[in-house]
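Here's the structure we're looking at; comments come further down.
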Amino acid sequence: MPKKVPHFSKILIAWYLQNKRDLPWRNTTNPYRIWLSEIMLQQTRVLQGLPYYLKFVEAYPKVEDLANAPEDDVLKLWQGLGYYSRARNLHATAKIVSEEMNGTFPNNYNDLLKLKGVGDYTASAIASISFNQPEAVVDGNVYRVLSRYFGIPTPINTTPGQKEFKQLAQQLIDKKEPGTFNQAIMEFGARFCVPQSPDCGNCIFNDSCVAFQQKKVTELPVKIKAKPVKNRFFNYLVVLSENERTILQQRTGKGIWQKLYEFPLIETSEEINISELQNFPQFRTFSENLNIENISLFNEKPVIHKLSHQHLNTRFWIVETSEEKENTVPISEVKNYAVPVLIADFVSEFFENY
DNA sequence: AAGGCGGGGAA
DNA sequence: TTCCCAGCCTT
């Protein structure tokens, strides 16, 4: 512990009570709703997650409602929020809580941690906010606030860093109102001690903040740099049959977008032309029981869909067919499937008249 | 310990 | 462009 700061939590909470945003999950301690909000906000900004939270609470007011929903419905409602394993784990955990725990969430850190999709942060958040347990959360905001305030240069995305900051947060937490303390330090990081150009001149802590005193605010927190992103090349085969049907497939196995739907996909190592496309074994399989009348390229210039760890250089090939194949879906129903944003954007542009 | 996993907002 | 967001899981 770098220094004794007996008033840290008092000052922080006082700031929070004056400056906190009025968010729907702050008007409840219901563990189902707290859990739902915390899962949604993992690696996700409040303003991005908020509309999804409202949709989910309306569609599934109780954990039993979520548990009884088809997985496809849950994924469809989650569409656009990203990190879809969160939605799959959310649904699986709802079933466990509903069917094996009598609809009652665990009321302590250790048992919460056993739930799918619930890690150290989320278990601490639920334990403190719903059950008043003194469990400190450490999210991206907490790393930033503590590394600056105490001038700690330990890289935050390493095991020693995680341990050090967790221990420090645990020492600082207000044991009388742990939930309020946790939300206060996160809100302070999100709204005041921001990553770029924080307003240190007007900060409530600028007389004791080590980073400010030593002019190291821009250097903290320290984070090991991520590896460069990989380029991938996607060729989607958009079937357009005479009677306005197309083909959708569900993604299985590992990798991105598990259990979401997309058009038949041929991934290549580089950009290809139409004759190269037709020579791929996957294309031959695809076209076996299909009566293809014409193939055209929708976008000459690839759409570059950017994920945090890969760039998807994507071209859509329009495959007009005169016969109906099995496993086709009416184009008018495509909008009912959970699809990646990359597909949703294409669909809304190309199928807007269907 | 390292890598994979989305999408979007802000500077 | 780059950074990073109320992180977690698998290998």
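Lettering follows sequence order; numbering is per chain, from 1.
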Evaluate whether atom NZ of A:K55 has more than 12 neighbouring non-hydrogen atoms of other residues, nucleotides or ligands under 6.0 angstrom away. yes
Between [N] atom [atom2] and [X] atom [atom1], what is the distance in whole Å?
X      : N      : atom1 : atom2 : result
A:M40  : C:dC5  : CE    : C1'   : 16 Å
A:K225 : C:dC4  : NZ    : C1'   : 15 Å
A:L41  : C:dG7  : CG    : P     : 8 Å
A:L90  : C:dG7  : CG    : C1'   : 14 Å
A:I126 : C:dC8  : CD1   : C1'   : 13 Å
A:K254 : C:dT10 : NZ    : C1'   : 7 Å
A:D139 : C:dC4  : CG    : C1'   : 12 Å
A:L81  : C:dG7  : CG    : C1'   : 13 Å

Just compare C:dC5, C:dA6, C:dC3 and give me whichever is closest to any side-chain atom of A:Q196. C:dC3
Identified ring-ring contact (aromatic ring centres under 6.0 Å, His included) partner of A:F316 from the options A:F350, A:F346, A:F351: A:F346
Using distance alone, with no hydrogens and no angle criterion, decide if A:N243 and A:S241 have a side-chain donor and acceptor under 3.5 Å apart. yes
Using distance alone, with no hydrogens and no angle criterion, decide if A:S124 and A:N182 have a side-chain donor and acceptor under 3.5 Å apart. no
Could you check whether [X] gets within reach of a base, just the sugar-phosphate, or nothing at all, counting any heavy atom under 4.0 Å?
X      : answer
A:W25  : base
A:D120 : sugar-phosphate
A:Q310 : sugar-phosphate
A:V118 : sugar-phosphate
A:G49  : nothing
A:G80  : sugar-phosphate
A:S308 : base

Outermost contacting nts on DNA chain B, any atom under 4.0 Å from chain A heavy atoms, listed 5' then 3', are B:dA1 to B:dG9
Can a side chain N or O of [X] be found less than 4.0 Å away from OP1 or OP2 on [N]?
X      : N     : result
A:T122 : C:dA6 : no
A:K306 : C:dT1 : yes
A:Q43  : C:dG7 : yes

Quick one: on DNA chain C, does A:N89 or A:L23 contact a more 5' nucleotide (nearest heavy atom)? A:L23
DNA chain C nearest-nucleotide lookup for A:L115 and A:Q183: closer to the 5′ end is A:Q183
Donor-acceptor pair, distance only, cut-off 3.5 Å: does the side chain of A:W78 make one with the backbone of A:G82? yes
Separation of the C1' atoms in C:dC5 and B:dC5, to the nearest angstrom: 14 Å
Using the C1' atom as the reference point in each nucleotide, state the distance between B:dG6 and C:dC3 in Å, no decimals. 15 Å
Any side-chain heavy atom of A:R315 sitting closer than 4.5 Å to one from A:E300? yes
Take the angle between the ring planes of A:Y236 and A:F234 and call it parallel below 30°, perpendicular above 60°, tilted in between. perpendicular
When the ring planes of A:W35 and A:Y32 are compared, do they come out parallel, tilted or perpendicular, using 30° and 60° as the limits? tilted
So that I can tick it off, tell me whether A:K259 and A:D72 are bridged by a salt bridge, with the cut-off set at under 4.0 angstrom between side-chain N and carboxylate O. no
Of all the heavy-atom pairs spanning A:P195 and A:R148, show the shortest one and how long it is. O-NH2, 3.0 Å
DNA chain B: A:K227 or A:R88, which has the more 5' nearest nucleotide? A:K227
Between A:P160 and A:G82, name the one whose nearest nucleotide on DNA chain B is closer to the 5' end. A:P160
Carefully, step by step, assess A:S208 and A:Y149 under the rule side-chain hydrogen bond (donor to acceptor under 3.5 Å, both in side chains). CA-CA 7 Å; A:S208 48; A:Y149 184 81; 2.9 Å; yes
Dot-bracket for DNA chain B, please, read 5' to 3', with Watson-Crick or G-U wobble pairs under 3.5 Å on both distances, ( ) within the strand, [ ] crossing, | other strand, . unpaired. |||||.|||||
